[in-house]
Amino acid sequence: MTFNFSMQAIDQIVNSAAKTLYMSGGQVECSIVFRGPNGAAARVAAQHSQDFASWYAHIPGLKVVSPYTAADAKGLLKSAIRDPNPVIFLENEILYGKTFPVPKLDDYLVPIGKAKVVRPGKDVTILSWSIGMTYALEAAEELAKKHIFAEVIDLRTIRPLDMATIIESVKKTGRCVTVEEGWPQFGVGSEIAARIMDEAFDYLDAPVKRVTGEDVPMPYAANLEKLALPNAAKVIEAARAVTYR
Amino acid sequence: MPAAAKAEKTDKSVSRATKALAWGKEQELTAYREMLLIRRFEEKAGQLYGMGLIGGFCHLYIGQEAVVVGMQMALKEGDQVITAYRDHGHMLACGMEANGVMAELTGRRGGYSKGKGGSMHMFSIEKNFFGGHGIVGAQVSLGTGIAFANRYRDNGNVCLTYFGDGASNQGQVYESFNMAELWKLPVIYIIENNKYAMGTSVERSSALTDFSKRGASFNIPGEKVDGMDVRAVYEAGARAVNHARTGEGPFILEMQTYRYRGHSMSDPAKYRAKEEVEKMRTERDPIEWVRKRILEGKFVSEDEIKKIDAEIRQIVNESAEFATNDQEPDPSELYTDVLR
């Protein structure tokens, strides 16, 4: 079962898990982790290919975590379980097949709410998480060949957003591209763009650009599915647009 | 009859075909042809999946053919059908073309949803088939809504709403049951109990494994049916359809059936013994039963049966050919049909 089926019980998550602490004036805690595969797998069409990051990240009272690497998956899951709040833990089905090194430590924890600069750069900040990182990193590699040096940041946590790390990077590069599989309207990228305007407007040399899934339900046909999803080429195009190169 | 099959037959709570039902040549041949078409179509779909021509999820109906074929024979023009994601058999039984269904499986423009829906999401309003739904249990509310429309329009039609033993544990099923009985909606809930909710046996997933009783607290009558015998399905189906059509409200049919393949193509089905599957195949195969009756009743000769088999193969091969050679949708289709 994937997060596509979580809508069958979204009331329990949104109306109960997320709000009980607040509604009870701090009396009733809801310490729970909802973990499962999120986002598009491959060719499973409209009802099984959705990114719920922005859905859950919209809700005060929830934490939303979505790791890219195996090490982060381990460290963040442990932190999520120890967290006293409801945590939505979004995994990616395609990343299950990818191998990463994992540190051999007895108690390996990665803090919730901390982004990670995965690749330092000076020309443009590329923000992503989960499978979006594969497109971001591939794009950064290609951009470097064209002497555009991208700083790639893995958000890891979608709520709360690590704005400090984002703003620090944007102040340095002056340009920002967000990458997500979800739909553009009211997406995570939209929220980040708004927050950058609030907190670092004077540092921007170009408008923030979003790379997202197309604004359509996921089609089944192989050619259309490819068009609907973000990829490295779209990230490169966005990075070149904001760097005017 | 093997001993195991005999023992099963002694379960009096399950409806079998009665002596009163005297199926002649025409019905037996129709049932045979329809079931065989589904069987061969699904086998071909499995092959195309193996060849990489079909992607994603693909849930085969092999073993359950008698359910949808028997039910369809109890319907009249204008009655609707809605089901979940194990839907290819339902579509073929509704009279949808093999070419269009197979082309949807390969994601081509000649498919029933222009290649945009795929295996789990296919519709034909012309044939009164309302999908093809990917979320477990979601179609139950939709089928109830179709029945509501029938009642509102007073059109005399009924809606067959299919779901599995797993889906019968979903919450919206019971919200639907309540409204259906309250408003006496013409809906037949067909629970295809194939013994496994994905990989979990009904004993491990369901508190009440007698699914015919799932409507008890709403006063919805139910019946357990031998879903491997197309005649038993037809007889029980006709009773249920009559109940719904005459304004008596919903009816639940628990079809005791079995799927030979895994939940989907990516399921190796390690949660059950090979012998269990083999036993069903050899002792209870719905198509073999009809074939045997046709030959024993001397309705047609063995040669004529072979001719039917060849015709079916031809239809299926042509559909595979069409689905392989048809073009993918035009890229502009990505943005169509989102809103009207």
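Just the heavy atoms: all of them, side chains too, but no hydrogens, waters or symmetry mates, feed the values below. Proteins come first, then strands; the chains are lettered A, B, ... in the order of their sequence lines, and each starts at number 1.
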Among [options], which residue forms the greatest number of heavy-atom pairs with chain A at distances under 4.5 Å?
options: B/G55, B/G118, B/G137; answer: B/G55
options: B/M120, B/E328, B/R109, B/K116; answer: B/E328
options: B/C58, B/G115, B/S113; answer: B/G115

Next item on the list: Spell out the residues in residues 161-181 of chain B that have some non-hydrogen atom less than 4.5 Å away from a non-hydrogen atom of chain A, in order of number; otherwise answer 'none'.
Entry: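 Within residues 161-181 of chain B, the residues that come under 4.5 Å of chain A (heavy atoms only) are B/Q170, B/Q172.
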Determine whether more than 12 heavy atoms belonging to other residues, nucleotides or ligands lie under 6.0 Å from atom [atom1] of [X].
X: A/Q12; atom1: CD; value: yes
X: B/K213; atom1: NZ; value: no
X: A/F186; atom1: CZ; value: no
X: A/E237; atom1: CD; value: no
X: A/K226; atom1: NZ; value: no
X: A/F100; atom1: CZ; value: yes

Give, as side chain, backbone, both or neither, the part of [X] having an atom under 4.5 angstrom from any heavy atom of chain B.
X: A/M218; result: backbone
X: A/A42; result: backbone
X: A/A228; result: both

Taking every non-hydrogen atom, the tightest pair across [X] and [Y]:
X: B/L334; Y: A/E214; answer: CD2-CG, 4.1 Å
X: A/A221; Y: B/G107; answer: CB-O, 3.4 Å
X: A/Q8; Y: B/V136; answer: NE2-O, 3.9 Å
X: A/V44; Y: B/G56; answer: CG1-CA, 3.8 Å
X: B/P331; Y: A/L227; answer: CB-CD1, 3.8 Å

Notebook entry, point to check: Mind checking what makes side-chain contact (heavy atoms from CB on, under 4.5 Å) contact with A/R245, not counting sequence neighbours?
Noted result: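 For A/R245, the residues satisfying side-chain contact (heavy atoms from CB on, under 4.5 Å) (neighbours in sequence not counted) are A/D123, A/I148, A/T243.
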Note to self: Just to verify, what does A/E142 make a side-chain contact (heavy atoms from CB on, under 4.5 Å) with, not counting sequence neighbours?
What the structure shows: A/K145, A/I236
Contact part of [X] toward chain A, heavy-atom cut-off under 4.5 Å: side chain, backbone, both or neither?
X: B/D337; value: neither
X: B/L339; value: neither
X: B/T106; value: backbone

Check: Can any side-chain N or O of A/N4 pair as donor or acceptor with the backbone N or O of B/I135 at less than 3.5 Å?
Finding: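 No, A/N4 side chain to B/I135 backbone: no donor-acceptor pair under 3.5 Å.
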Check: Do any pairs count as a side chain to side chain donor-acceptor pair (under 3.5 Å) and have a residue in residues 38-49 of chain A, sequence neighbours left out, and if so which ones?
Finding: A/N38-A/D51, A/R43-A/Y220, A/Q47-B/H121
